[in-house]
Amino acid sequence: MAHLSAMPDLETEPIQLWGTGPDYDDIFRMSLMELKREGRYRVFQEHRRLVGEFPLSVAVSDKGESTVTVWCSNDYLNMGQHGEVRAAMKQAVDTFGAGAGGTRNISGNHSPIVALERELAALHGKEAALVFGCGYLANLATLATLGQLLPDCVIVSDELNHASMIQGIKASRAEKRIFLHNDLLHLEEILRSIPKSRCKVVAFESVYSMDGDIAPIADIVEICERYGAMAYLDEVHAVGMYGATGAGVAERDGIGSRVGLVQGTLAKAFGVIGGYIAGSAVMVDAIRSHANGFIFTSALPPPVAEAALASVRHLRASGSARAALHENVRKLRSLLRQARIPFLDGPSHIVPVMVGDPVRCKAVSDLLIERHAIYVQPINYPTVPRGTERLRITTSPAHTDAMAEALVAALSECWRDLRLPLAADGI
Ligand SMILES: *Cc1c(COP(=O)(O)O)cnc(C)c1O
């Protein structure tokens, strides 16, 4: 084992990995120092989410462990801990084992994932659905493939679209045009300027996850129809959450059938992991057959597919968690308004409390967890534009009125101690 004895003694000798070339680690160090200088170096809060305790969780740090109330989970309905979901996953482990055993093409096309795709197609009233490793990959792989498959395609993208869509559009190398956020006139102006004969995809979201606003889907779809464009709708923050069966805002607004392609995640309201698209059988077949991000990666494991399937089925059949959540959102907004804590007052379940500075945003978050046992992660650039740093607050059916009152009281104290500006009267 000559190579082992040649290893440097880690205690005494610095490891000289790079020979005489550039000092790569120094470059990495500088990039991190830049983030720290700007106050937007990301610190992940370790915590233990314990079944039955939601929305409480055990925060773990150098200082020890403490129970905190979580106000920033995307497991909006606590489906990740739901009894039916856990039972489905456990049973699947013992029935099918841990892994898928391959890509979908090579031995990984197991029955639970096939059943899940059928369920998702039915959820959205589409002919077919296709499951990916995560929602990010679903957007990336699908948009990249659409832009390559559709000849002379232009992808028209809302300026606030998620990073996964932006990456997909880039990877497609199709021409990209950006319309102002939710701006119908601008969208129409762009579509009007593109020759009728060209393929056009309009990519947008229903619920924008950082501002909590909702796109005028019916109007966008109507414009798409007028200009012969295909509507590509990311319903990641809406699936499980809106509509009679939890298919999203398009279902709520009664226009699901007019959206050409819907994309969603199994990791937020559905509480598990995985992403998907749903649409016409022939389109889904084309994506299945051409998308690298689908073809060259192993399938989701059977227990994950079974857990997601149980979650989707539960939220299709029952709207009670949805209703309870939206009621809690309404109460939280009302408390924030009374306390004059500045927040973006939108129509969705997402409540962005605005700080407007990365250092102070982190400071509020630190105070909340240290003094008040409340966990809300600060959201900084590049997730949101600079100067709009915020605490993105999400509630759930399990958050009690007392928890909401404690949150708002704690925010008020932070606002006072850090001398942050309160919202003007009447906002
Ligand atoms: C989280 C998110 C995704 C990615 O979904 P994952 O399943 O978490 O990979 C895609 N689009 C939007 C708008 C998101 O917020």
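Remember, it's a predicted structure, so these values are computed and weren't measured experimentally. Each ligand, and each atom within it, is numbered from 1 in the order the structure gives.
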Checklist entry - Does the gap between the ring centers of Tyr76 and His349 come in under 6.0 Å? => result yes
Item to check | Protein heavy-atom partner closest to atom 11 (N) of ligand 1 - residue, atom, separation in Å | outcome: Asp234 OD2, 2.7 Å
Checklist entry - Does any N or O in the side chain of Asp75 come within less than 3.5 Å of the main-chain N or O of Met79, such that one atom is a donor and the other an acceptor? => result yes
Item to check | Residues Arg252 and Ser206: side-chain donor-acceptor under 3.5 angstrom | outcome: no
Next on the checklist: Distance to the ring centre below 6.0 angstrom and angle to the axis at most 45 degrees; does that hold for Arg40 and Tyr381?
Outcome noted: no
Checklist entry - Which heavy atom of the protein is the closest neighbour of atom 15 (O) of ligand 1, given with residue, atom name and distance? => result His237 NE2, 2.5 Å
Checklist outcome for this item: The atoms of ligand 1 lying under 4.0 Å from a heavy atom of Glu205, numbered in the order shown, are 13 (C)
Next on the checklist: With a sphere of 6.0 Å drawn around CZ of Arg118, does it hold more than 12 non-hydrogen atoms of other residues, nucleotides or ligands?
Outcome noted: no
Checklist entry - Where does the angle between the aromatic ring planes of Tyr375 and His47 fall among parallel (under 30°), tilted (30 to 60°) and perpendicular (over 60°)? => result perpendicular
Item to check | Top protein contact for atom 6 (P) of ligand 1, by heavy-atom distance | outcome: Gly135 N, 3.4 Å
Checklist entry - For atom 7 (O) of ligand 1, what's the nearest protein heavy atom and its distance? => result Thr265 OG1, 2.6 Å
Checklist entry - Do the ring planes of His326 and Tyr242 sit parallel (below 30°), tilted (30 to 60°) or perpendicular (above 60°)? => result tilted
Next on the checklist: Does any N or O of ligand 1 fall below 3.5 Å from an N or O anywhere on Cys134, backbone included?
Outcome noted: no
Checklist entry - Heavy atom of Ser164 under 4.0 Å from ligand 1? => result yes
Checklist entry - Considering only the protein, which heavy-atom contact is closest to atom 1 (C) of ligand 1, and what is its distance? => result Lys268 NZ, 1.5 Å
Checklist entry - Looking at Tyr136, which atoms of ligand 1 are within less than 4.0 Å of one of its heavy atoms? => result 4 (C), 5 (O), 6 (P), 9 (O)
Item to check | Residues Arg392 and Asn74: side-chain donor-acceptor under 3.5 angstrom | outcome: yes
Checklist entry - For ligand 1, does Met165 get within less than 4.0 Å through its side chain, its backbone, both, or neither, judged by non-hydrogen atoms? => result neither
Checklist outcome for this item: For Asn139, the atoms of ligand 1 under 4.0 Å from one of its heavy atoms are 10 (C), 11 (N)
